[in-house]
Amino acid sequence: MSLQTRFVFKQGAIYGVGNVLTKFSGLLLIMLYMKFISATEFGAVALFETIFQFILLLSGLGVKGGFNRWYHDMSDGDDKKALFFTSWSFNFASSFMAVTLVALLLWFFAFDVFKMELPRGVLTYFLVGTFFRLLYDVPFYLLRLEQKAREQTLWLGLNLLLLLGFSFYFLWYRQSGWTGIYAAQMWAHLLTFLAMLPFIVRRMKPKFLMPQLREMLHYGLPLAVSNVLTVLLTLSDRHIINQYQNLDEVAGYSMAFKVANLLQMVVVVSLITSYTNYFFKTMNRPGSMQFFASFTRLYLLLLALASLALVLFAPELIFLLSFGSQFFQASAVLVPVLLVGLIFSGYRQLLVLPLNKHKRSKRISLILIFSALINLAGNFWLVPLYGKMGASWATLMAQAVAMLWFIYEVRRCEVVNLQTGKSLLLFGVWLAMVALSSFVADLSFWAGLLMKGGVLSLFLLLLWFLRLVGPEDWTAALRFFRKE
């Protein structure tokens with residue numbers, strides 16, 4: 001394994017620790033929620049999550065993406081501090097406006113969105129907590145740009161400890177119901193921001209770089225608009241399910257999505273975060289795209305292995321999270337379909353980097369908006385007919401279109417061997433293993449565990465036999481944690 005690859009994967013492993021902590025704490029919180037709130041209320045919590053994602057993307061108006069792109073172009077340390085000050089200040093103002101806008105919309109249309117009356121205080125706690133969460137978003141971008149994975153993981157760990165502690169306090173001790181969920185989030189995000197404030201101040205130089213801000217907005221605003229529209233359209237599945245069915249069905253879909261989304265958080269986010277910083281730092285060096293192709297192959301192999309494990313053990317995960325609820329067990333059948341969409345999405349998130357290198361932000365926006373429209377149309381078509389399974393298929397179709405279009409665009413702007421034939425073969429083997437897993441789903445626990453381990457082993461053997469994995473990959477895996 002080259003020094004480049006080892007560095008990126010080690011950084012990704014450190015980010016992975018933070019993401020594993022995030023998902024583990026998230027799973028603990030789901031178990032806590034399921035003990036103290038109903039399935040209907042859990043469905044409402046899922047809708048609040050989509051609203052948070054909308055506010056997150058609306059805040060900054062693309063400046064955070066521009067900050068990512070322009071930071072390493074600033075050669076002087078003081079200029080970098082001034083750029084951070086400019087980005088954070090703009091994010092503060094735009095976040096306040098975004099939260100205020102959503103507050104006004106929910107004040108008038110909350111019942112139309114949720115189809116239920118919200119408990120007193122839920123909306124206030126949610127909005128205040130969201131605002132403080134947004135205030136340490138740009139500092140997290142800075143830590144990633146400086147490749148300080150350990151520091152970011154420590155800050156993330158502090159936030160998760162606070163969130164878990166306050167959640168147990170409000171739900172278990174105070175018996176606050178689902179109002180306590182958002183009270184806990186508010187206090188956790190407020191205290192995290194206050195703890196980070198000295199770090200934020202130290203990294204600033206009070207100088208507003210208006211020319212750079214205009215450049216960042218020019219670059220990032222099309223992406224921001226497309227991302228906001230994409231979130232509105234792609235996360236509309238929960239809202240469409242609620243409109244055509246009910247919050248219980250939203251809860252079932254959300255449970256399956258949370259299990260499948262472990263792939264996104266543990267593998268995709270960790271490696272994309274690590275490699276994105278490295279990509280922008282080295283994109284103009286000779287051989288950078290050859291390394292991109294090499295990294296892509298290893299990345300897809302990890303996606304395939306991790307997603308197959310999730311398909312195999314999804315029923316056990318859902319059983320554990322829902323305390324054996326038969327209602328939520330029925331959601332396990334959605335996980336393989338959702339995971340195919342997430343594999344396509346994970347590949348797309350890697351393919352966007354060469355287009356960012358060439359500042360093709362408008363083309364990226366066009367692809368994302370078009371695929372989001374496909375998702376929206378698919379949901380309106382399939383959800384009334386097939387419920388939450390229809391929403392899963394709509395997501396898969398939209399992600400497939402986006403991925404194929406990104407492959408086409410990358411080939412237009414870069415000379416790079418993406419090894420499409422091997423990728424298709426890998427996907428075919430993965431689908432065969434998923435089909436095989438359906439035969440072991442109804443076995444007893446220990447027999448099922450043994451057979452599922454056998455399916456994973458067979459998958460690895462087939463990768464070796466078909467030469468999708470070679471001896472150098474095993475050697476690289478053994479050497480991964482050695483000192484460079």
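By convention here, the first residue in the shown sequence is residue 1. Basis for what follows: all heavy atoms, side chains included, without hydrogens, waters or symmetry-related copies. Bear in mind that the values here come from a model prediction, so they are computed numbers and not experimental data.
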Q: Is a donor on one side and an acceptor on the other found under 3.5 Å between the side chain of S87 and the backbone of F84?
A: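 Looks like no, no N/O pair under 3.5 Å.
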Q: Search all heavy atoms of L308 against all heavy atoms of W430 and return the closest pair with its distance.
A: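 So the minimum-distance heavy-atom pair works out to N-NE1, 3.4 Å.
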Q: Might you point out which heavy atoms bring A394 and N379 nearest each other, and give the distance in Å?
A: CB-N, 3.6 Å
Q: Using every non-hydrogen atom in the two residues, find where A251 and A39 come nearest and quote the distance to one decimal.
A: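 Scanning both residues completely, I find the closest heavy atoms to be CB-O, 3.2 Å.
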Q: Stepwise, does the ring-ring contact (aromatic ring centres under 6.0 Å, His included) test hold for F344 with F427?
A: CA-CA 10 Å; F344 293 163; F427 185 59; 5.6 Å; yes
Q: Can you find a heavy atom in the side chain of T420 that is under 4.5 Å from one in the side chain of R411?
A: yes
Q: Side chain of S437, backbone of L312: donor and acceptor closer than 3.5 Å?
A: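 It does not hold such a pair.
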Q: Give, for atom CZ of F168 and atom CG of L32, the distance between the pair rounded to the nearest 0.5 Å.
A: 5.0 Å
Q: Just wondering, more than 12 heavy atoms not from M397 lying within 6.0 Å of its CE?
A: yes
Q: When rounded to the nearest 0.5 angstrom, what is the spacing between CG in L158 and CG in L163?
A: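 One gets 11.0 Å once the value is rounded to the nearest 0.5 Å.
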Q: Report yes if some heavy atom in the side chain of F328 is under 4.5 Å from a heavy atom in the side chain of M34; otherwise report no.
A: yes
Q: Using a 4.5 Å cut-off on heavy atoms from C-beta on, say whether the side chain of V383 contacts that of Y253.
A: no
Q: Kindly indicate whether the side chain of L373, heavy atoms from C-beta on, has any atom under 4.5 Å from the side chain of I369.
A: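 Heavy-atom side-chain distance check passes, below 4.5 Å.
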Q: Just so I know, are the side chains of F291 and Y275 near enough to count as touching, which here means a heavy-atom distance under 4.5 Å?
A: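 They are in contact (side-chain heavy atoms under 4.5 Å apart), so the answer is yes.
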Q: Assess whether atom CH2 of W155 is packed by more than 12 heavy atoms of other residues, nucleotides or ligands within 6.0 Å.
A: yes
Q: Indicate yes or no for a side-chain donor-acceptor contact from S392 to the backbone of K388 under 3.5 Å, with no hydrogens or angles considered.
A: yes
Q: Measure across L350 and Y299 and return the closest heavy-atom pair with its distance rounded to 0.1 Å.
A: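 In this case the closest contact between L350 and Y299 is CD2-CD2, 3.6 Å.
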Q: State plainly whether the residues E146 and R203 are in salt-bridge range, i.e. N to O under 4.0 Å.
A: yes
Q: So M289 and F279, do their side chains get closer than 4.5 Å, heavy atoms only?
A: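 In contact.
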Q: In this structure, is the centre-to-centre distance between the rings of F199 and Y136 below 6.0 Å?
A: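 Between Y136 and F199, the centre distance exceeds or equals 6.0 Å.
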Q: How about CZ on F327, more than 12 heavy atoms from neighbouring residues, nucleotides or ligands closer than 6.0 Å, or not?
A: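 It does: F327 CZ has more than 12 such atoms within range.
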Q: Does the structure place the NZ or CZ of R238 under 6.0 Å from the centre of the six-membered ring of F257, at an angle of no more than 45° from the ring's axis?
A: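 The answer is yes; both the distance and angle limits are met.
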Q: Nearest 0.5 Å, what's the CZ-CG distance between F380 and N375?
A: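 Result: 10.5 Å between the selected atoms.
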Q: Does F319, at its CZ atom, have more than 12 non-hydrogen atoms belonging to other residues, nucleotides or ligands within less than 6.0 Å?
A: no
Q: For a quick test of reading the model, state the closest non-hydrogen atom pair linking F459 to L426 and the distance between them.
A: CZ-CD1, 4.1 Å
Q: Taking the side chain as every heavy atom from C-beta outward, state whether L317 and L262 have any pair of such atoms under 4.5 Å apart.
A: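 Counting from C-beta outward, L317 and L262 do come under 4.5 Å.
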Q: Are the side chains of Y33 and L29 in contact, using a 4.5 Å heavy-atom criterion?
A: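 Yes, at least one pair of side-chain atoms sits under 4.5 Å.
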Q: Cut-off 3.5 Å, side chains only: do S345 and R348 have a donor facing an acceptor?
A: yes
Q: Any chance you could measure Q399, atom CD, to I343, atom CD1, to the nearest 0.5 Å?
A: 11.5 Å
Q: What distance do L83 atom CG and M216 atom CE have between them, rounded to the nearest 0.5 Å?
A: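 With rounding to 0.5 Å, CG (L83) is 4.5 Å from CE (M216).
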Q: What's the separation between atom CG in L321 and atom CD in E316, rounded to the nearest 0.5 Å?
A: 11.5 Å
Q: Write down the atom of A391, the atom of I241, and the distance for their closest heavy-atom approach.
A: CB-CD1, 3.9 Å
Q: Would you please test F370 and W405 for ring-ring contact (aromatic ring centres under 6.0 Å, His included) and show each step?
A: CA-CA 10 Å; F370 182 75; W405 196 344; 5.7 Å; yes
